[in-house]
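One-based numbering along the sequence shown.
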Amino acid sequence: MELRHYRFRRITMDPNKCMGKPCIRGLRIPVSSILNYLSSGMTIEEILQEWPELEREDIYEALAFAAFMLEEQVIPLEEVRTQ
């Protein structure tokens, strides 16, 4: 059963696809993959050329979704020790 995020309509989650990871529009392209491609230096144009089923708005929504998810969590940091 495919679920859509209440705020991000292009983000779907389905336990039968990509182990339930958030994906783009029911495709087997996880949000995390989009983020990894961008962080490795690929441009939006290169991603769109490599995966023609993606749309520019999919990539922007993946970024917005990641930012939203980080805002919702408190990430514990280890205490930095100075020597």
Side-chain angles (χ1 to χ4, degrees):
M1 177 174 77
E2 184 177 281
L3 302 172
R4 291 191 182 270
H5 193 277
Y6 72 95
R7 184 170 172 184
F8 301 98
R9 302 305 298 164
R10 291 174 178 260
I11 305 301
T12 58
M13 289 156 269
D14 184 337
N16 297 314
K17 291 181 183 174
C18 299
M19 297 178 288
K21 291 180 181 180
C23 291
I24 303 296
R25 293 184 292 115
L27 302 170
R28 293 181 186 274
I29 303 175
V31 168
S32 59
S33 293
I34 300 295
L35 300 174
N36 282 322
Y37 301 142
L38 290 168
S39 69
S40 73
M42 284 183 81
T43 66
I44 291 174
E45 289 72 25
E46 289 170 333
I47 294 170
L48 294 174
Q49 203 168 40
E50 188 72 26
W51 293 275
E53 62 270 31
L54 287 175
E55 300 170 1
R56 184 174 298 276
E57 290 304 315
D58 295 330
I59 296 170
Y60 292 140
E61 191 144 310
L63 288 167
F65 177 75
F68 175 78
M69 293 305 290
L70 284 173
E71 284 180 1
E72 295 297 309
Q73 299 179 18
V74 175
I75 301 172
L77 301 175
E78 285 186 3
E79 182 179 329
V80 178
R81 298 179 194 199
T82 57
Q83 296 182 13

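Annotation: the span from Leu54 atom CG to Ile59 atom CD1 amounts to 6.0 Å, rounded to 0.5 Å. Note that CD of Glu50 is 5.5 Å distant from CE of Met42, once rounded to the nearest 0.5 Å. Between atom CD1 of residue Ile29 and atom CD of residue Glu53 there is a gap of 4.5 Å, rounded to the nearest 0.5 Å. Between atom OG1 of residue Thr12 and atom CG of residue Leu27 there is a gap of 7.5 Å, rounded to the nearest 0.5 Å. Taken to the nearest 0.5 Å, the CE atom of Met1 stands 11.0 Å off from the CE atom of Met13. Remark: Ile11 CD1 to Arg9 CZ distance equals 11.0 Å, nearest 0.5 Å.
In this structure, Glu61 does not pair ionically with Arg7, as no charged nitrogen and carboxylate oxygen lie closer than 4.0 Å.
The aromatic rings of Phe65 and Phe8 stand perpendicular to each other, their planes meeting at an angle above 60°, with 30° marking the opposite boundary.
Heavy atoms only, all atoms of each residue included: Arg56 and Leu48 are closest at N-CD2, 3.7 Å.
For Gln49, the CD atom counts as loosely surrounded, since its 6.0 Å shell holds 12 or fewer non-hydrogen atoms of other residues, nucleotides or ligands. Around NZ of Lys21, the count of heavy atoms belonging to other residues, nucleotides or ligands within 6.0 Å does not exceed 12.
For Arg4, the salt bridge (Lys or Arg N to Asp or Glu O under 4.0 Å) partners at least two apart in sequence or on another chain are Glu2. Contacts of Tyr60 classified as ring-ring contact (aromatic ring centres under 6.0 Å, His included), with partners at least two apart in sequence or in another chain: none.
Side-chain N or O atoms of Ser39 include one that pairs as donor or acceptor with a backbone N or O of Leu35 at under 3.5 Å.
Under the 4.5 Å side-chain criterion, counting only non-hydrogen atoms from C-beta, Leu38 is in contact with Ile44.
Follow the hydrophobic side-chain contacts under 4.5 Å out from Met69 and you reach Tyr37 in the same cluster. Hydrophobic cluster membership differs between Ile24 and Met19, with clusters built from Ile, Leu, Val, Met, Phe, Trp and Tyr side chains linked at under 4.5 angstrom.
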